[in-house]
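Source: prediction; values computed, not measured.
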Amino acid sequence: MPSNCQLLLFIILILVPKSIFLELSHASSGETLVSDWRPIKILSDTKVVDAAKFAVARHNFEAKTRLIFDDLVDGEVKSHSGTDYNLTIAARDDGDTDYDDTSRIYVAIVSHRQFQEFMHLDSFRGPV
């Protein structure tokens with residue numbers, strides 16, 4: 001019958017490396033356990049405002065709408081091989097006579113690859 005020391009040694013040598021290996025396999029597969037989105041502290045930063053205006057303009061082009069950018073309400077940023085913005089945007093619809101002139105809230109995700117000077121609208125939802 002194994003002693004307590006032998007049992008403890010077995011646990012340390014067999015089970016601990018296995019759990020470390022599983023954690024490493026999650027990290028290498030690109031999965032994250034915690035979101036790496038961070039709040040944007042300065043919403044008036046020109047890069048962030050440009051990304052928000054790009055989102056509205058690109059959505060207008062793709063969806064054949066006539067939204068007018070009003071304000072950047074909130075946002076989060078994630079950096080990796082570029083910068084991703086998760087933006088909450090206030091915009092009003094200039095093309096629909098049924099709408100009044102009040103702003104509505106939209107949510108957009110924009111990818112910006114600085115090394116390629118490239119922006120891409122990943123999603124645009126709203127009004128929310």
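- Of the options K78, E76, H120, a side-chain contact (heavy atoms from CB on, under 4.5 Å) to D84 is made by K78 and by none of the others.
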Task: Worked verdict on L121 versus H59 for side chain to side chain contact (heavy atoms under 4.5 Å, CB included) - done: CA-CA 8 Å; L121 179 61; H59 174 74; 4.1 Å; yes
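- No single ILVMFWY cluster, assembled from side-chain heavy atoms under 4.5 Å apart, contains both I109 and M119.
- Counting heavy atoms from C-beta outward, Y85 and L72 have side chains that stay 4.5 Å or more apart.
- Remark: F61 CZ is loosely packed, at most 12 non-hydrogen atoms of other residues, nucleotides or ligands lying under 6.0 Å away.
- Residues V110 and I105 do not share a hydrophobic cluster, clusters being chains of Ile/Leu/Val/Met/Phe/Trp/Tyr side chains in contact below 4.5 Å.
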Task: Stepwise side chain to side chain contact (heavy atoms under 4.5 Å, CB included) test for D74 and I40 - done: CA-CA 8 Å; D74 197 11; I40 297 173; over 6 Å; no
Task: side chain to side chain contact (heavy atoms under 4.5 Å, CB included) between V48 and K53, intermediate numbers included - done: CA-CA 9 Å; V48 180; K53 288 180 178 179; over 6 Å; no
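- Environment of NZ in K41: sparse, with no more than 12 heavy atoms of neighbouring residues, nucleotides or ligands closer than 6.0 Å.
- In this structure, the side chains of V77 and T83 come closer than 4.5 Å at one or more pairs of heavy atoms.
- When all heavy atoms of V56 and I89 are compared, the closest pair comes out as CG2-CG2, 3.9 Å.
- Under 4.0 Å is where a charged nitrogen must lie from a carboxylate oxygen, and between D93 and R66 no such pair does.
- Y106 approaches P127 most closely through the heavy-atom pair CE2-N, 3.4 Å.
- No side-chain N or O of S123 forms a donor-acceptor pair with one of R125 less than 3.5 Å apart.
- V107 is connected to V73 through a chain of hydrophobic side-chain contacts under 4.5 Å among Ile, Leu, Val, Met, Phe, Trp and Tyr, so both are in one cluster.
- Salt-bridge check for D122 with R58: failed, with every basic side-chain N at 4.0 Å or more from each acidic carboxylate O.
- Checking side-chain atoms of D70 against main-chain N and O of S103 turns up no donor-acceptor pair under 3.5 Å.
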